[in-house]
Number of protein chains: 2
Amino acid sequence: MATRGNGRPRRPSITDVARRAGVSVGTVSNVLNRPEQVTPATRERVQAAIEELNFVRNASARQLRAGTIRTVGAIVLDIANPFFTEVARGIEDRLAPDEYTLMLSSSDEDPEREARYLRLYEEHGVQGVLVTPSQGSLEAILALRERGIGVVLLDATSDVEDVSSVGVDDVRGAALAVEHLLELGHERIAFINGPDSIRQCVDRRAGVVSALLAAGRDPADVLTEVTVGSLNADAGEKAMNELLGVDAARRPTATFCVNDFTALGALRALRWADVRVPDEMALVGYDDVVIAPMLTVPLTSVHQPTHTLGWTAADLLLREASAEGAVEHQRVLFQPELVVRTSTAGG
Amino acid sequence: MATRGNGRPRRPSITDVARRAGVSVGTVSNVLNRPEQVTPATRERVQAAIEELNFVRNASARQLRAGTIRTVGAIVLDIANPFFTEVARGIEDRLAPDEYTLMLSSSDEDPEREARYLRLYEEHGVQGVLVTPSQGSLEAILALRERGIGVVLLDATSDVEDVSSVGVDDVRGAALAVEHLLELGHERIAFINGPDSIRQCVDRRAGVVSALLAAGRDPADVLTEVTVGSLNADAGEKAMNELLGVDAARRPTATFCVNDFTALGALRALRWADVRVPDEMALVGYDDVVIAPMLTVPLTSVHQPTHTLGWTAADLLLREASAEGAVEHQRVLFQPELVVRTSTAGG
DNA sequence: CAGTGGTCATGAATCGTTTCAAGGACGAAA
DNA sequence: TTTCGTCCTTGAAACGATTCATGACCACTG
């Protein structure tokens with residue numbers, strides 16, 4: 001068998017198939033791409049040759065000539081983060097039926113890493129990219145479009161007009177949580193929030209405040225905000241202990257946590273302080289992580305349509321790719337949903 | 001600017017760069033691949049042209065000629081599963097410094113889906129694939145190697161001799177959990193396990209039994225096994241309630257759950273029945289999911305080196321790819337680790 | 001029987017890169 | 001001045017598929 005220098009067998013090419021079937025390469029190509037234009041007899045002969053040789057198309061050669069490739073690149077902040085994991089799954093589910101492949105990487109919010117992957121994807125000639133932009137990388141991303149590469153921003157509510165993006169309305173999500181607590185009659189509400197350097201924290205605070213105002217409350221009266229440095233359980237526990245320092249008659253009767261991890265910590269603090277949930281303290285989280293319903297006290301949380309988010313992003317991209325001429329850019333903002341469980345409406 | 005029929009600008013090629021810099025294409029290629037062989041003056045001229053034109057290499061043409069491509073394909077059972085997510089991150093972290101790209105898909109344990117992705121990857125000419133094989137797909141995977149594609153099995157303790165694989169020792173992991181409980185003095189241990197159709201369940205049972213035997217105990221005396229149909233919290237809760245049906249004097253004093261989700265359910269049942277953890281019932285999970293330490297009662301669990309698993313799999317693959325001639329196949333089995341927390345050793 | 005139309009198969013050109021034998025320029029040595 | 005040798009650069013041939021103008025062949029029609 002022919003080799004390619006490194007001793008590995010060369011994979012059979014369309015030429016080998018043609019020779020074996022006694023036809024020309026053009027015919028083999030026709031069998032592969034326009035089978036109806038080939039006589040059944042010939043077609044079968046070619047098919048047989050293909051199977052005997054274990055012929056597999058060479059995507060590179062194909063793309064080189066045809067100019068297109070059924071591949072999409074995605075760059076998320078961190079594949080190991082459940083949020084992006086579910087988004088990725090949504091992307092995949094949109095791509096699979098169209099036989100597209102997905103190239104996936106994590107930027108870790110490092111613009112340099114992101115740029116490197118973008119270039120790699122561009123070299124590969126992907127049809128488009130789905131990106132969660134890091135700080136200040138938007139410009140480079142948009143430049144891709146001038147070189148014929150589709151772009152859809154993931155989980156970014158961009159100010160830029162002419163680029164498609166998908167995101168979830170964090171302001172609304174937080175408002176939902178607070179509205180729920182108000183409806184339950186809570187008049188002193190705590191908000192355990194993270195630093196302003198995280199967009200989500202800023203948006204969610206805005207949602208909290210707007211919900212209070214919309215209900216005719218003065219945030220200064222109702223709201224106690226505790227800011228933590230990082231969004232994990234330990235921080236949440238510490239924050240809740242701080243809240244519990246106030247005597248029971250004057251402390252908040254409900255707490256909204258900026259994410260489920262901090263809520264878990266808060267829950268732990270409540271348990272150790274023997275404060276009953278939700279009777280003495282109602283609790284709402286955000287993200288609706290997979291274990292939220294599995295907890296000893298199932299956690300009320302704001303659910304984000306992550307799968308749909310990814311699916312839609314991929315859908316927009318494929319649509320733009322197949323659109324003739326000018327493309328209409330869409331900016332989709334999904335609405336989160338409050339999932340009420342025992343931690344607020346316990347029975 | 002030149003177009004390619006669909007109205008999008010054609011990306012500049014090496015020829016365009018050559019023309020602009022007033023050199024031949026060969027020289028441009030040399031600048032890109034063997035810069036030391038080019039006079040600094042020429043090199044700079046070419047570099048300038050590259051930047052002015054925003055030239056980006058065409059990976060397809062490159063691969064077509066050079067025969068190689070820095071891409072690896074991975075097929076896991078489900079990207080949305082945290083286990084595989086962390087594995088994927090490990091793979092990525094191994095590939096990134098070598099400028100490899102990762103193509104990632106989920107097979108959902110469907111051999112047909114898996115086969116489709118394998119073919120897609122093969123068409124793309126990936127250097128190798130990392131696969132968690134579905135039922136009965138091993139043969140097709142191994143056939144790839146005859147066509148020059150590297151293969152490393154992920155999370156599979158394969159019986160096949162001559163293929164590299166990485167996995168985690170589930171037998172040992174379960175044994176660790178049981179040894180721990182025995183050391184704490186527990187003499188009646190429950191094991192909430194899943195169906196035998198799942199390999200992990202079978203392996204972990206074997207580990208439980210072997211640990212008991214090794215300690216000179218008769219499993220028939222010590223062990224109470226409850227089998228659940230699916231590995232989620234509700235099933236775990238039900239199983240634990242069943243165990244609690246026995247009067248306190250004779251029921252198990254410790255429970256080992258086949259994964260953390262069932263353990264969460266068990267924990268919930270214990271809380272509602274007002275059984276103190278770990279005093280009246282110790283609890284061990286498996287997987288060490290991210291929230292295990294965040295729980296009200298932090299959960300003792302068996303931790304698997306998922307990131308390392310992925311990293312090592314990718315490492316084996318790259319090594320095999322760069323190895324000259326015959327490759328030595330390695331089968332790496334990682335050892336899990338018990339992380340002791342309050343749910344067994346509570347203060 | 002010539003003419004027409006339609007169906008299939010052909011083979012050369014093409015995509016953008018890498019590679020390599022061959023040639024050019026230039027300086028050093030004789 | 002001639003002759004080498006060295007160092008850069010060149011240009012054409014590949015890689016494997018797709019595409020398309022061309023032509024072969026056959027069946028009808030008039």
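Lettering of chains follows the sequences in order, A, B, ..., and the numbering in each one begins at 1.
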Check whether any side-chain nitrogen or oxygen of [X] sits under 4.0 Å from OP1 or OP2 of [N], and answer yes or no.
X      : N       : result
S13(A) : dG16(D) : no
T39(B) : dT9(D)  : yes
R62(B) : dT18(C) : yes
R11(A) : dG16(D) : no
T42(A) : dC8(C)  : no
T27(A) : dT10(C) : yes
N33(A) : dT18(D) : yes

Worksheet item: How close do I79(B) and E92(A) get, heavy atom to heavy atom, and via which atoms?
Response: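 For I79(B) and E92(A), the tightest heavy-atom pair comes out as CD1-OE1, 3.3 Å.
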Would you name the heavy atoms of F55(B) and S13(B) that are closest together and state the gap between them?
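Closest pair (atom of F55(B), atom of S13(B), distance): CE1-C, 3.7 Å.
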Nearest-angstrom distance from the residue atom [atom1] of [X] to [atom2] of [N]:
X       : N       : atom1 : atom2 : result
I69(B)  : dT17(C) : CD1   : C1'   : 13 Å
E36(A)  : dT7(C)  : CD    : P     : 12 Å
Q63(B)  : dT19(C) : CD    : C1'   : 17 Å
E122(A) : dG16(C) : CD    : P     : 14 Å
Q37(A)  : dT22(D) : CD    : P     : 17 Å
I14(B)  : dT19(C) : CD1   : P     : 11 Å
L32(A)  : dT18(D) : CG    : C1'   : 10 Å
R45(B)  : dT10(D) : CZ    : C1'   : 14 Å

Hey, does V38(B) reach any base, or is it just sugar-phosphate, or nothing, if we go heavy atoms under 4.0 Å?
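Touches sugar-phosphate only.
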(Q) Any salt bridge linking D110(A) with R116(A)? Criterion: basic side-chain nitrogen under 4.0 Å from a carboxylate oxygen. (A)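 No, D110(A) and R116(A) are not salt-bridged.
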ask   = In terms of side-chain geometry, is the basic nitrogen of D162(A) or R331(A) positioned less than 4.0 Å from the acidic oxygen of its partner?
value =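 Salt bridge absent between D162(A) and R331(A).
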Determine whether any donor atom in the side chain of R65(B) lies under 3.5 Å from an acceptor atom in the base of dT17(C), or the reverse, and answer yes or no.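 Counting by modelled atom types and ignoring angles, no donor-acceptor contact under 3.5 Å is found here.
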Want to settle it: does V23(B) or A66(B) sit nearer the 5' end of DNA chain D, counting the closest nucleotide to each?
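Its nearest nucleotide lies further toward 5', so the answer is V23(B).
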Rounded distance (nearest 0.5 Å) linking atom CD of Q127(B) with atom CD1 of I69(B):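 Going from CD on Q127(B) over to CD1 on I69(B), the span is 8.5 Å.
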Notebook entry, point to check: If you find the nucleotide of DNA chain C closest to R34(B) and the one closest to L64(B), which residue's nucleotide is nearer the 5' end?
Noted result: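 Nearer the 5' end of the strand: L64(B).
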